[in-house]
**Q** 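Encoded as structure tokens, here's the structure I'll be asking about.
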Amino acid sequence: MKFQKICVIGLGYIGLPTASTFAAHGVHVIGVDINSSIIETLNRGEIHIHEPGLQDAVKTAVQSGNFKAAAKLEEADAFIIAVPTPFKEDKLGEHNGMTYKLADMCAVISAAESIVPFLRKGNLVVLESTSPPRTTVDLVAPILARSGLQAGRDFHLAYSPERVLPGQIMRELIENARVIGGVTPESAQAGSDLYATFVKGKIIQTDATTAEMVKLMENTYRDVNIAVANEFSRLADKFGVDVWEAISIANLHPRVKILSPGPGVGGHCISVDPWFFVEAAPELTPLIYHSRKVNDAQPHFVVETVRRALGPLKDKKVAVLGLAYKPDVDDLRESPANEVVHLLQAEGAKVKAWEPFKPNADMRGIHMAPSFEDAVADADLLLLLVNHTEFRRLYPAAVAAKTKARILVDTVNGWEREAWQNAGFEFFRLGDGKSKIVNPKS
Ligand code: SAJ
């Protein structure tokens, strides 16, 4: 199948890179979004999110005439839905004492509805948004059927999850293997033809529900494995062991690959997707459920470590370094760092946060420092929450000259103990039970 014109609905972290990559490969792309300021920004050739390489891609796409952002869809050969699937704000699910978050499918529903008037025989519709199992067949197909056309008979319908890593989206979009799950084999083939426009990785065809499960399984697998690493950090702390040392030794075993503990799991993928399984089948998911709970509770362990380093937190000044959900990205959504700040404040600490990737972010209830210097100057403790490259590269002696703090807590194994101790800092690291012994005050 040939695709000359496509509509991409949702111009966020996935939709925009996808749209601009198609445009770069000669496809005429209409990018649709409900936010008029995003449309204006993009049509000027500028972008509203930070992702390496994206700015150039969008500028080139707009200048080439192959990409246009708009509020309304047009008739096209294919429609790609790449809208968010957040949680419901006002409602939790409940099963046998388990409470869990519920997916809010409103954006997927309205994107599918917006396609109905433009759908023609022979078209292809692809859902990319991460969704609970069976969304393509049970939710999207019936909405599209309102056009009078039937998925798999009159038009093709497929699920193709994005699996790119924020920070490397532009490269991974092209190089990663791509899964296309069709409601029929012909739909999977049509989806393969579309993505073969730019995908250099292997394209694997399957059915729609398998593709949905693959996506959720990948992120759930990672969440469960990070949960065990976080649990190890608490055990190491209890037994006077440095978890980072223990993990590096265990990982020498050829069949062991323990991930890294940290302040918790954030972002809009790994901390979200496992809930889709729990919601769909709570009776079958005790491990997935408890892993989510372990990771969500990790900010409390950070605060416990800070309390041990500093004593009672009331009126203590804490400089928080990093609010992003992971290193070297500007995405602050679902960030465990936010939760840490709120917990510290609830104990009476006075927190200033420095986030170099989004210094002016409007974070309700969090005092954002205008600079690193401002954040650390009169702090009692420095708290490293994100392993940004620029934090790793800090010179301990230079930092010592800028702050009156002489205690620090590293939650991400970003700093070398000895270097900071030599610069006069008392050094605590998350999950390092040895720092209890090494640091005289603890
Ligand atoms: N984290 C740890 N310890 C680790 C690894 C990560 O605590 O050892 C934390 C990070 O700090 C972060 C969170 O987990 O808060 C998630 O970070 P990540 O880099 O593992 O993943 P994401 O959420 O940025 O992207 C994931 C990727 N999925 C997998 O690696 C299986 C990506 O390929 C997906 O496309 C993306 O989710 C998505 O959109 O679903």
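In listed order, ligands and their atoms are each counted from 1. Residue numbers run from 1 in the order of the sequence given.
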**Q** Please check if any side-chain donor atom of Glu212 sits under 3.5 Å from a side-chain acceptor atom of Thr136, or the reverse.
**A**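 Present: a donor and an acceptor within the cut-off.
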**Q** Would you find a donor on one side and an acceptor on the other, under 3.5 Å apart, between the side chain of Gln345 and the backbone of Gly365?
**A** yes
**Q** Donor-acceptor pairs are to be reported for all side-chain atoms of residues 258-277 against protein atoms at under 3.5 Å, with residues two or more places apart or in another chain.
**A**
unit_1 : atom_1 : unit_2 : atom_2 : d
Ser271 : OG     : Gly267 : O      : 2.8
Asp273 : OD2    : Asn219 : ND2    : 2.7

**Q** For the CD1 atom of Ile80 and the CG atom of Leu124, what is their distance to the nearest 0.5 Å?
**A** 7.5 Å
**Q** What's the spacing between Leu384 CG and Thr411 OG1 if we round to 0.5 Å?
**A**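 The OG1 atom of Thr411 is 5.5 Å from CG of Leu384, to the nearest 0.5 Å.
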**Q** Anything with a heavy atom under 4.0 Å from ligand 1 counts, so go ahead and list those protein residues by chain and number.
**A** Glu162, Arg163, Val164, Leu165, Pro166, Lys215, Glu218, Asn219, Arg222, Ile226, Leu259, Ser260, Gly264, Val265, Gly266, Cys269, Ile270, Asp273, Tyr325, Lys326
**Q** Is Thr403 reaching over with its side chain to a backbone N or O of Val399, donor-acceptor style, under 3.5 angstrom?
**A** no
